[in-house]
Asks: 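My questions all concern the structure below.
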Amino acid sequence: MTPSSRSATPWLFLMPALLLLSLSVLIPAVLALLMSFTRSGLDVSEPLTWVGLSNLRRLLADAVFRRVLGTTVLYLVGVVPPIVAGSLALAILVNRKLPGIRLLRAAYYTPVLVSIVVAAIAFRWLYGENGLLNGLLVTWLDTDPIGFLTDPRLALVSVMVVTFWKGIGYYMVIFLAGLQGIPTELYEAAALDGCRGWRVHLHITLPLLRPYVVLVAVISAIAATKVFEEVFLMTQGGPAGSTRTLVYYVYDQAFRELDISYACTVGLALFLLVMLLTLVRFSVAQGSRFL
């Protein structure tokens, strides 16, 4: 086999995957980028009109987009810290050698296996005015039903709870892998020095898990930025637009307003936000190598 044929062999194996990736991701992404500089009509058969930066100027002046962007950032801030702290706490809890600990790990991981559609429908029933949660509150506290999904002050937090419940088990596994890579001798030495309880995790666990904390924070931030299913299935962006996120705004403009070009422009803004979070992830990962 000649050197040129040996160098071409890996590409031949990669060709089917690259072709599929190009047809499903790369080509649609490029077309969406080009469409963000055009104006589309209500009829998809109409030719596109080149408008240059008109859609971008419209985006910068769009008050609804600014509100949606603020809601997305608020969702990110409200979801990521609890997920990082909660999944780390669960990982520390299930990392012990106790009877039935494998069953406990499986129980905490079970929400990850549940379809987001099933989870959203189940929580929508729990949050309903005649649902289980309001039934318990009315019975125990003798209060009026709470509009978890109909009150603009509570709707976004209620959707955040679903994201937290669905994702905490997944990130727990990442932290668990990191915990099991920490030598037990460090904890034994700390115990001999009189360091016990939460101080052990503060001085040993957290510093050694810093790369995992950064990884979980960035991955969960990207996932929170792209949240859609929970909002679509539970609130439809309401009430009063209080749960409308960037991805839902893209859907709203594309399939309700039929403004495909402007939806592509909003999607471009979402892409830049996710790209920024990804660059933060890589820069922190590079910096952690020298710590």
Side-chain angles (χ1 to χ4, degrees), residues 64 67-68 70-91 93-94 100 103-173 216 219-257 270:
V64 177
R67 181 182 178 184
V68 167
T71 302
T72 303
V73 173
L74 182 61
Y75 198 95
L76 186 152
V77 173
V79 166
V80 174
I83 277 186
V84 174
S87 57
L88 178 58
L90 279 183
L93 175 65
V94 301
L103 182 62
L104 190 61
R105 292 175 184 174
Y108 284 130
Y109 189 76
T110 299
V112 181
L113 305 178
V114 177
S115 168
I116 186 60
V117 177
V118 175
I121 293 175
F123 272 88
R124 189 174 61 185
W125 174 76
L126 288 174
Y127 286 142
E129 292 190 359
N130 296 322
L132 178 62
L133 189 55
N134 266 317
L136 294 176
L137 292 175
V138 170
T139 302
W140 292 348
L141 303 179
D142 194 21
T143 61
D144 294 331
I146 299 175
F148 291 102
L149 298 179
T150 56
D151 189 340
R153 298 169 297 178
L154 299 176
L156 189 64
V157 177
S158 300
V159 178
M160 289 179 185
V161 171
V162 181
T163 303
F164 175 82
W165 177 83
K166 186 76 170 60
I168 189 172
Y170 174 78
Y171 301 113
M172 176 197 73
V173 173
V216 169
I219 292 178
S220 59
I222 293 175
T225 304
K226 299 187 297 182
V227 64
F228 173 74
E229 292 89 346
E230 297 94 315
V231 175
F232 178 77
L233 293 168
M234 297 178 67
T235 63
Q236 294 284 306
S242 60
T243 61
R244 188 185 297 178
T245 59
L246 269 177
V247 178
Y248 191 84
Y249 191 47
V250 172
Y251 164 81
D252 200 24
Q253 291 296 312
F255 298 104
R256 289 187 176 178
E257 302 297 332
L270 174 63

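The first residue of the sequence shown is numbered 1, and numbering continues consecutively from there. Values reported hereafter were calculated over all heavy atoms of this structure, with side chains retained and with hydrogens, waters and symmetry mates removed.
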Asks: Specify the closest pair of heavy atoms between Val138 and Pro145, including all atoms of both residues, with the distance to one decimal.
Replies: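 Scanning both residues completely, I find the closest heavy atoms to be CG2-N, 4.1 Å.
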
Asks: I'd like to know whether Tyr75 forms a side-chain contact (heavy atoms from CB on, under 4.5 Å) with Leu156, so could you lay out the CA-CA distance, the side-chain angles of the two residues, the decisive distance to 0.1 Å, and finally the verdict.
Replies: CA-CA 7 Å; Tyr75 198 95; Leu156 189 64; 3.5 Å; yes

Asks: Hey, what do you get for CG (Leu90) to OH (Tyr109), rounding to the nearest 0.5 Å?
Replies: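 One gets 14.0 Å once the value is rounded to the nearest 0.5 Å.
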
Asks: On a heavy-atom basis, which atom in Val247 and which in Val227 lie closest, and how many Å separate them?
Replies: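 Minimum heavy-atom separation between Val247 and Val227: CB-O, 3.7 Å.
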
Asks: When you measure from the side chain of Tyr248 to the backbone of Gln236, do you find a donor-acceptor pair of N or O atoms at a distance under 3.5 Å?
Replies: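 Between the backbone of Gln236 and the side chain of Tyr248 there is a qualifying donor-acceptor contact (under 3.5 Å).
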
Asks: With rounding to the nearest 0.5 angstrom, report the OG1 to CG distance, Thr245 to Asp252.
Replies: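 Atom-to-atom, Thr245:OG1 and Asp252:CG are 10.5 Å apart.
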
Asks: Using atom types as modelled and distance alone, determine if a side-chain donor or acceptor of Lys166 lies under 3.5 Å from a backbone N or O of Val114.
Replies: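 Yes; judged by distance alone, with no hydrogens or angles, the pair exists.
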
Asks: What's the separation between atom CG in Leu149 and atom OG1 in Thr235, rounded to the nearest 0.5 Å?
Replies: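 Atom-to-atom, Leu149:CG and Thr235:OG1 are 7.0 Å apart.
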
Asks: Report yes or no: does Ser158 contribute a side-chain atom to a donor-acceptor pair with the main-chain N or O of Phe148 at less than 3.5 Å?
Replies: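 Indeed, once roles are kept as given, a pair shorter than 3.5 Å links the two residues.
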
Asks: Taking side chain as C-beta onward, heavy atoms only, is Ile146 less than 4.5 Å from Asp151?
Replies: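 When only atoms from C-beta onward are counted, Asp151 and Ile146 do not touch, as no gap falls below 4.5 Å.
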
Asks: As an exercise, state the distance from CH2 of Trp125 to CG of Leu132, rounded to the nearest 0.5 Å.
Replies: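 CG of Leu132 is found 4.5 Å from CH2 of Trp125.
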
Asks: Mind checking the CZ-CD spacing from Phe228 to Glu230? Nearest 0.5 Å is all I need.
Replies: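 These two atoms lie 10.0 Å from each other.
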
Asks: Which atom names give the shortest non-hydrogen contact between Pro152 and Thr150, and what distance separates them?
Replies: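 In this case the closest contact between Pro152 and Thr150 is CD-O, 3.6 Å.
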
Asks: Please say whether more than 12 non-hydrogen atoms of neighbouring residues, nucleotides or ligands are located less than 6.0 Å from CZ in Arg153.
Replies: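 Atom CZ in Arg153 is not packed in, count stays at 12 or less.
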
Asks: Has Thr243 got a side-chain atom pairing as donor or acceptor with Pro239's backbone, closer than 3.5 angstrom?
Replies: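 Side chain of Thr243 to backbone of Pro239, a donor-acceptor pair under 3.5 Å: no, none is there.
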
Asks: Run the side-chain contact (heavy atoms from CB on, under 4.5 Å) test on Leu270 and Tyr249 for me, step by step, so that the C-alpha distance in whole Å, both residues' side-chain angles and the decisive distance to 0.1 Å come before the verdict.
Replies: CA-CA 10 Å; Leu270 174 63; Tyr249 191 47; over 6 Å; no

Asks: Locate the shortest heavy-atom distance separating Ile83 from Thr163; write the atom from each residue and the value.
Replies: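 Smallest interatomic distance, heavy atoms only, reads CD1-O, 4.1 Å.
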
Asks: Could you report the tightest heavy-atom contact between Trp165 and Pro111, atom names first, then the distance?
Replies: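 Result for this residue pair: O-CB, 3.3 Å.
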
Asks: Give the minimum heavy-atom separation between Leu74 and Met160, together with the two atoms involved.
Replies: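 Smallest heavy-atom distance, with atoms named: O-CE, 3.5 Å.
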
Asks: Rounded to the nearest 0.5 Å, how far apart are CZ of Arg105 and CG of Leu93?
Replies: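 Here the interatomic distance stands at 10.0 Å.
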
Asks: I want to check something: taking the side chain as every heavy atom from C-beta on, are Val80 and Ser220 in contact at a cut-off of under 4.5 Å?
Replies: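 Side-chain contact under 4.5 Å: yes.
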
Asks: Relative to each other, are the rings of Phe123 and Tyr127 parallel, tilted or perpendicular (30° and 60° limits)?
Replies: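 Rings of Phe123 and Tyr127: tilted, 30 to 60°.
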
